[in-house]
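Structure first, commentary second.
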Amino acid sequence: EFRRFSLERSKPGKFEEFYGLLQHVHKIPNVDVLVGYTDIHGDLLPINNDDNYHKAVSTANPLLRIFIQRKEDADYSAFGTDTMTRKKNVLSNVLRPDNHKKKPHIVISMPQDFRPVSSIIDVDILPETHRRVRLYKYGTDKPLGFYIRDGSSVRVTPHGLEKVPGIFISRLVPGGLAQSTGLLAVNDEVLEVNGIEVSGKSLDQVTDMMIANSRNLIITVRPANQRNNVVRNSRTSGSSGQSTESSLPSSTPNILGSLLQGEEESDEEDIIIEDSGEPQQIPKAAPASESIESLSQIELLHEATQNGFLPSSEVNLNHSAGSVSMEYEAPEPGRKSLEEDGTIITL
Amino acid sequence: MRRFLRPGHDPVRERLKRDLFQFNKTVEHGFPHQPSALGYSPFLRLMAIGTRSGAIKLYGAPGVEFMGLHEENNTVMQIHFIPDQCQLVTLLDDNSLHLWSLKQHGGASELREEHRFTLKGPPGSPPSATQVTAVLPHSSREVLYLGTESGNIFVVELPSFRVLEDRTITPEAVLQRIPEDNCNRRFCELVEALREHPKNADQILIGYSRGLIVLWDLQNNKAIHHFLGSQQLENLYWQRDGSKFISCHYDGSYTQWPISSDNRQSEPLENTVPYGPFPCKAISKIYWQTTKNGLPYIIFQGGMPRASYGDRHSISVIHGSQQTAFDFTSRVIDFFIIFSSDPAAEFDDPCALVVLAEEELVVIDLKSAGWPAVHPPYLASLHCSAITCSHHVSNIPLKLWERIISAGSKQNIHYSSMPWPIDGGTNIAPDPPQRDLLLTGHEDGTVRFWDASGVCLHLLYKLSTVRVFLTDADPNDNMNTLGEDEWPPLRKVGTFDPYSDDPRLGIQKIYLCKYSGYLAVAGTAGQVLVMELNDEDAEHVVDHAEADLLQDQEGYRWKGHEKLKTRDGPVRFEAGFQPFVLVQCQPPAVVTSLALHSEWKLVAFGTSHGFGLFDHQQKRLVFVKCTLHPSDQLALEGPLSRVKSLKKSLRQSFRRIRRSRVSSRKRRGGGGNTSEVQEANAKFDQDVLQEMELAPVQRKIEARSAEDSFTGFVRTLYFADTFLRDSSRHCPSLWAGTNGGTVYAFCLRVPPAERRMDEPVRAEQAKEIQLMHRAPVVGILVLDGRSTPLPEPLEVAHDLSKSPDMQGSHQLLVVSEEQFKVFTLPKVSSKLKLKLTALEGCRVRKVTVANFGSCKTDDYSENDLAVLTNLGDIQIISLPFLKLQIRYPCIRKEDVSGIASCVFTKYGQGFYLISPSEFERFSLSTKWLVEPRCIVDMPEVTSNNHVHNKSGTENAARKS
């Protein structure tokens, strides 16, 4: 399918608008696409932000050839240097996808598609024997995939060694999020869930807490294997024994708490369907004067951002992560027929 | 986080909280679990029941109750009141003795443990030497005689429990006085019974297990008489005048013995095997009661023919030619007779037989012809069929209350009119502030209405839904039909019947509108019945409708039970609640939620497949909504729990047994039944054990998804007149919450009253809210413009509530198992939330709005949420700001059935099951507290009681 349209070169506008325009022109609203163009060297380069969009428009000569691919079927290998010199190849690939004989490439997506699935956080404030891991659960695509069990661990107390009950990771599901991060392992002791200490809580309680926080789970563990720890500072000797006994710095839960609270607002929007219409996120009511809670939350979010614990980009990412379409994709019968082959080229 | 939000403690609020909230467990209703001992004081007219968990409970006149708990938690084996004292002694299975007394404190009596004591033998003696088997509190009130396994009888002083060693009655001393030829040491092993002579306090009767009975003179330390029975002895009883006594034996016989002054070894007067000639079971206890007309009452436990009736739990009463063997529904623990306690009276003149069976208390009126049962005012067997749900209604209007009582009284005509014979103590608690009803739904399809206003939970009325359906139960399967010439003359007494004929009849949800008298009940097989209170018997056809909740869902196969078959044609209903509409859900899955709006005449019901709305005025199904996720196979197929099916098969085997029992009566000898039960039990145990071993103690951490099982399970339904579409017009609405965190709101159009029959009720879906945390929605509530929960239907019409504020904006409160959320209406935006699970790891199990009044001033009260969590904690959360006010530990978190059974009242009280047969009542309010407060006075002994004692002691004095 080919479309031709004109743009004002001097005022190209933003990428978002351009993207919307493309969708409009091709009558494919709600379809995620990858946009690419051929530069003067014949390379197929992506357009996915304002910068490379402007670059593309400015290099148009005067025609800008834009390629649009459905995101799911995107052939990432097509991008890159010399792609257009192998034009025939590309075209045949694109036009006759059933002809694909190539090994499937490892898909490395566009920078905008990067989304963290896990991270180690608060390394600077935690004892080095502990690890605070954050798992991001997007939609329902991949299971969190781990199990916990009861067990006992040894603590150093003022009265000497003491055996105390603890919660441990008992199993990682192959292919699950927990396993693929490489940050959690069997027999790691769980110390906190989203900033709340688990000591004194039963296995069932900790299970409930984890599931309740599963959309944004932060667990602090003491890894069973302490050898991979990064040794920080010059503190070299006996650190592990020492830090076992010291409980977490008292300030951390608070910081973490504000972090969580700030974020949960974005990742936990409920959805409403009015009169069988389109699903929408439920907005927050304007903070009325009596709502002390919401007011203070906003302040805290602000504070947290200032402290730098909460990079603003992360907030944004989460915003998009909580998007509605992921949860509420109503099957539209008309969509399939729109593009049978999945790939569309615009010239 | 909450740390920051609590800006210090507001002292005013803290003070107010103290005036509003306090937690008390106030009283245990129902029948004690696993009773193990019974005692009675004719002097105090109080009854004592001991349990296997070491509890001891005293009961007198209705409202007079005391409870004590032994620290040891051991089984109470025996209870003995000290004659003419407010004291009693208990013997536990660890051989310890405990002295309890009722003392007045702050204007009310309290039961307290005073002393404890364990009998110690000389060093090196075997434990059996001091194992207490019989206890006799002497009428002098100074000593206890303790018979032991070794045959020694120890004497201990009261209240110090000092052993008076010089007064020990050893087997050797006894044998010295008995001719050697027919006695040896072995005859004096194990003291089975000790009985004081009714007229002479210096003589006691000692019964040894091997059959030797000795009348012992305490003053001179010698045997006056001895009696040698040929059979193993079970128990002894004196005739009132002390001229004869009666012994009962292991072989099912009893023997009368005369006390003659001349002959030192007597021969029996009469030896009878009442249910001979075939081998009989032991008679374990016997009473001999004299009457004016000369015919004694002989009352004994057991003695049934071993082969054909060995499994019966019976107590026989013989009075002249009248003989009845009362057949109890469970094992008899013990019994006593209430008779004239006036020692001057010439005759016993028994008036009542009180029997403690394992599962219920039965009192038989011996004065009235036919020996009818007496309706107990307390100790009701809540579990006569297993409780499946409960519903509490506060503040019942007097009119409805009277109508329910009148319906109930028609059911109770077969009870005796005798006033309750156990009437000691005085209830000094203030009258209950209001009339409260507790409705319990049972597995056998009945609903029981309990008066829950005060300390005595009393059955008012019993409703059965069985009549509407055709069940497999054989209508002629009545075990009470006995021919005239049947022998033994068994008569079934008691109400305990744990075997449901059809588990599908089980009641799962109850809703009673106290203003209109409409009642909706829903059950296990998807049946929903709407009933109306009618004061007369009536015969009518029940309108029947079916609600297909799956609608267009294809390719499912329901593997659960079938729906119940209905009876065609008119059905006769007795006065009371009579069904007029039956809706059956299809598939017939258990009804999981129910709501009734008596003003709009609508009933809403939900199952694991969806929910529906029925107009019970026009008798028309308004709509159904399927909530099922297409991939949810488990819900589609129905409950496949292995335990459940096993339970069912077990129940069936019990039913088989019950049937075969009936037939075996004709055969006279069908053993092997019990072995079948044992087998089934063993199999069940084994299975459960296996399951426990296999289950690894680990928990999966996985986010909930839309495809999880039972997400469509409808957990809550709620009617509200609120602003659903725009803020200018409010309209009736129906709200439903599912297990998967979805809330549906339907806008309803109910025609005005004058056209109510002409125009159909219409419904249209207006909103659907998906909670992103997908936890089950357990409560939905709309708050009016003043943030007050909307009143119940008809509450305003009856001037019992202010009309809701329809000017200000309404708010929607959605309670999931994990969070509380407030949204604005009609435009849904989130306003407030309180996270519970993410922060505390506990989940909401029960939630209700409760009104709390201040104990300081009458003019302040507020509405809060009372919440029970899965950890058994109760939390009070303020409305509308969702602030945690206070938290109390209430139920052990392991007690899953206790947590599941909890109901809250509208005024901050609650009930939960502490055993299958007992409700614990608790109160969260400072103002509404129902607890026993009673006083037991030492009866002013101007009566002859004292004379008797005096004469006793005088006698003693004279002799010494």
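Values in this document were obtained by computation on a predicted structure and should not be read as measured data. Sequence lines set the chain letters: A, B, ... in the order given, protein chains first and strands last, and positions in each chain run from 1.
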- Task: Verify, without hydrogens or angle tests, whether B:Glu702 (side chain) and A:Ile211 (backbone) share a donor-acceptor contact under 3.5 angstrom.
- Result: no
- Query: Can you tell me how far the CD1 atom of A:Ile282 sits from the NZ atom of B:Lys827, to the nearest 0.5 Å?
  - Reply: 8.5 Å
- Can you measure from CD1 (B:Ile701) to CG (A:Leu144) and round to the nearest 0.5 angstrom? 8.5 Å
- Message: Quick check: closest heavy atoms across B:Ser829 and A:Lys284, and the distance to 0.1 Å?
- Response: CB-C, 4.1 Å
- Task: Verify the neighbour count for atom CZ of B:Arg13: are there more than 12 heavy atoms of other residues, nucleotides or ligands below 6.0 Å?
- Result: yes
- Message: So which atom in A:Ala212 and which in B:Ala838 form the shortest heavy-atom distance, rounded to 0.1 Å?
- Response: CB-N, 3.8 Å
- Item | Atom of B:Ile769, atom of A:Ile272 and distance for their closest heavy-atom approach | CG1-CD1, 3.6 Å
- Item | Distance (rounded to the nearest 0.5 Å) between B:Thr742 OG1 and A:Ile273 CD1 | 9.0 Å
- Item | NZ on B:Lys821 to CG on A:Asp270, rounded to 0.5 Å | 3.5 Å
- Is it the case that more than 12 heavy atoms not belonging to B:Gln807 sit under 6.0 Å from its CD atom? no
- If you count heavy-atom pairs under 4.5 Å with chain A, which of B:Thr837, B:Leu836, B:Val743, B:Val822 comes out on top? B:Thr837
- When rounded to the nearest 0.5 angstrom, what is the spacing between CG in A:Asn213 and NE2 in B:His773? 11.0 Å
- Measure the CD-CD distance between A:Glu274 and B:Gln765 for me, rounded to the nearest 0.5 Å. 10.5 Å
- May I have the step-by-step check of side-chain contact (heavy atoms from CB on, under 4.5 Å) for A:Ile148 and B:Arg699, ending in yes or no? CA-CA 5 Å; A:Ile148 57 172; B:Arg699 298 280 184 274; 4.3 Å; yes
- What is the minimum heavy-atom distance between B:Gly841 and A:Gln205, and which atoms define it? O-CG, 3.0 Å
- Top contributor to chain A contacts, counting heavy-atom pairs under 4.5 Å, from B:Glu764, B:Glu817, B:Glu840: B:Glu840
- Message: Please give me the minimum heavy-atom distance between A:Pro283 and B:Val828, naming the atom from each residue.
- Response: CD-O, 3.5 Å
- Task: State, to 0.1 Å, how close A:Arg149 and B:Gln698 come at their nearest heavy-atom pair, and which atoms those are.
- Result: CB-CB, 4.2 Å
